[in-house]
There are 2 protein chains.
Amino acid sequence: MPTSTPPPNARERQKRERRLALIEAAQRLVGERGLDDVTVEEISSAAGLSTRTFFNYFDSKDDAVLGIQEIDLDAEVRARFVSGGPSGRMMTDLEALVAGFLRNAAPNIEQGERAMRLMMSEPRLVQRHIAWHQRVVGELEALLSERREARPSPVDDDTIGMVAGLLMRSSALAWARSGYEGDAAAHLPEAVAQLRLLLDD
Amino acid sequence: MPTSTPPPNARERQKRERRLALIEAAQRLVGERGLDDVTVEEISSAAGLSTRTFFNYFDSKDDAVLGIQEIDLDAEVRARFVSGGPSGRMMTDLEALVAGFLRNAAPNIEQGERAMRLMMSEPRLVQRHIAWHQRVVGELEALLSERREARPSPVDDDTIGMVAGLLMRSSALAWARSGYEGDAAAHLPEAVAQLRLLLDD
DNA sequence: ACTGCAACTTGCACTGACTGCAAGAATAGT
DNA sequence: ACTATTCTTGCAGTCAGTGCAAGTTGCAGT
């Protein structure tokens, strides 16, 4: 889960810093007192910003706690997938794509890990996290449309999208189970293996 | 998606009728004007109840629109699963269980279909629907714990739960694609087939 | 360095989903 | 009919979230 390249100007830099500060404040306060006992006003204050500004950065309180950010996929990974690659087999290529998405799921590993820990005790956060996966799946479906030109698949897009969502969640859970070793993408093979094991049972 | 047996006394009967009335009002109004343009007050009014009472029946506005109800699984289906059946193979038995859940996903087929239709244009409803699936998965995990005594599986509970969720959603989408023929449970085999097809690709 | 402009912050007022409380109404049981 | 229990409702309130406009800050060009 590497961070993106530092932005070029002061505005962008400030934007990024403020974002991180809001996430940090949100995760800390929620970790101390629980999701429902922390207000947006408190989070904003702790980050030195106004409540109104908070909502310039995040759609909702839960998003800040999760550190949810814009979907950003490496252009090379993207290009390869839409051209029918890397292997030409849908399941294998889907794994590569999911790994690409997982690598950019949170601003940094620490905040990603903290979000995972908070999800263990806050069902609403899980739901919000899954909602984010759904947005990724929406992006994926656009890619699938493009890919169909190069390499049609007999599987419907909904199923592919849902399996992608499942793999993302499963990888994150495997990461948690490992004690947060490496990053979530590193645990994707494990998630795939479990899925195959179940289908064979 | 059959309805449950009519309840025995006036109180229960009224409760059920009010619930149906709230769902009907919610679905109609949201269908006409969109989710964000309809208030809880309007829904409650249309059903002849107060806003305060609305929340005695549903946790949220979205739940009413979706017609979400308590998870209710047939006792026989439940008993068979926890004792290691019906076939002894996890994937096959999971399918039977998912079919059981699907059969009781909405108060009646009409309201289930209307919920599906509304989800097509309201992403927030999709998310709420998936959240309900998560609750079902929570119930499933309790069953898996019990079943482990009778028949352990090498697959972790999270993966099993997620595949159950995927199958529920996939069946519902296949039902929609068929023009709402039969019920969602009837489309489960199709969902399973698509999943297998992807894993083989 | 100065200037104009675009982007961003903030305070403010407000909406609507949702909640706790208590009084009154409706059902259930004897 | 009487009593106990359950449910409805009105009310007051919280807080997440939103639109608006005035003020501030960065940026680019001269």
Side-chain angles (χ1 to χ4, degrees), chain A residues 6-23 25-27 29-30 33-68 70 118 122-125 127-129 131-132, chain B residues 6-23 25-27 29-30 33-68 70 118 122-125 127-129 131-132:
Chain A
N9 61 24
R11 262 200 170 135
E12 293 293 323
R13 222 176 298 122
Q14 273 198 335
K15 186 170 173 176
R16 188 163 163 274
E17 279 165 11
R18 284 178 176 154
R19 235 184 140 270
L20 293 180
L22 286 169
I23 295 169
Q27 292 184 335
L29 291 171
V30 169
R33 297 165 31 210
L35 185 55
D36 288 331
D37 198 30
V38 176
T39 62
V40 171
E41 208 276 324
E42 287 172 316
I43 294 168
S44 312
S45 253
L49 298 168
S50 73
T51 300
R52 190 62 196 78
T53 302
F54 174 98
F55 289 104
N56 288 343
Y57 287 85
F58 293 100
D59 287 343
S60 72
K61 183 172 94 167
D62 294 358
D63 285 2
V65 179
L66 290 171
I68 276 168
E70 283 307 302
L118 291 173
E122 303 283 356
R124 210 174 81 211
L125 290 181
Q127 284 159 35
R128 192 75 192 181
H129 193 231
W132 182 79
Chain B
N9 60 26
R11 265 205 163 131
E12 295 292 322
R13 222 176 297 123
Q14 274 199 337
K15 187 169 173 177
R16 186 162 166 277
E17 279 164 12
R18 283 177 177 153
R19 235 184 140 268
L20 294 180
L22 285 169
I23 295 169
Q27 293 185 334
L29 291 171
V30 168
R33 297 165 32 208
L35 186 55
D36 288 331
D37 198 30
V38 176
T39 63
V40 172
E41 207 277 323
E42 285 171 316
I43 294 168
S44 311
S45 254
L49 298 168
S50 74
T51 300
R52 189 63 194 78
T53 301
F54 174 98
F55 289 105
N56 287 344
Y57 287 85
F58 293 100
D59 286 343
S60 72
K61 183 173 94 168
D62 295 356
D63 284 2
V65 179
L66 291 171
I68 276 169
E70 284 306 303
L118 292 173
E122 303 283 355
R124 212 174 81 210
L125 290 181
Q127 285 160 33
R128 191 75 193 181
H129 193 231
W132 181 78

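- In this structure, A:Trp132 CH2 and A:Asp59 CG are separated by 13.5 Å, a value rounded to the nearest 0.5 Å.
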field: B/S/- contact track for nucleotides 19-30 of chain C, protein heavy atom under 4.0 Å
entry: BBB----BBS--

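- Atom NZ of B:Lys61 is separated from atom C1' of C:dC18 by 12 Å (rounded to the nearest Å).
- Listed for the A:Gln127 side chain is no donor-acceptor partner under 3.5 Å among the backbone atoms of B:Ala131.
- Running 5' to 3' along DNA chain D, contacts with non-hydrogen atoms of chain A at under 4.0 Å begin and end at D:dA16 to D:dC27.
- Using a distance-only test at 3.5 Å, with no hydrogens or angles considered, a donor-acceptor pair links the side chain of A:Ser44 to the main chain of A:Val40.
- As rounded to whole Å, 9 Å separates atom P of C:dT10 from atom CG of A:Asn56.
- Here the CG atom belonging to B:Leu29 is positioned 6.5 Å from the CD1 atom belonging to B:Ile43, to the nearest 0.5 angstrom.
- With rounding to whole Å, A:Arg16 atom CZ is found 19 Å from C:dC8 atom C1'.
- For B:Glu42, the side-chain hydrogen bond (donor to acceptor under 3.5 Å, both in side chains) partners at least two apart in sequence or on another chain are B:Arg33, B:Thr39.
- In summary, of the residues considered (B:His129, B:Arg124, B:Arg128), a side-chain hydrogen bond (donor to acceptor under 3.5 Å, both in side chains) with B:Asp62 occurs for B:Arg124 alone.
- Base pairing of D:dT6 is made with C:dA25, judged by Watson-Crick or G-U wobble geometry with both donor-acceptor distances under 3.5 Å.
- Note that the CG atom of A:Asn56 and the CZ atom of A:Arg18 stand 10.5 Å from one another [nearest 0.5 Å].
- Atom CZ in A:Arg13 sits about 16 Å away from atom C1' in C:dA7, given to the nearest Å.
- Note on A:Tyr57: a side-chain N or O is less than 4.0 Å away from OP1 or OP2 of C:dT9.
- Here the P atom of nucleotide C:dA6 and the NZ atom of A:Lys15 are 18 Å apart, to the nearest Å.
- In this structure, the separation between CZ on B:Arg19 and CZ on B:Phe58 is 4.0 Å, given to the nearest 0.5 Å.
- Using a 4.0 Å heavy-atom distance criterion, B:Thr53 is classed as a base contact.
- In this structure, the separation between CZ on B:Arg11 and CZ on B:Arg13 is 13.0 Å, given to the nearest 0.5 Å.
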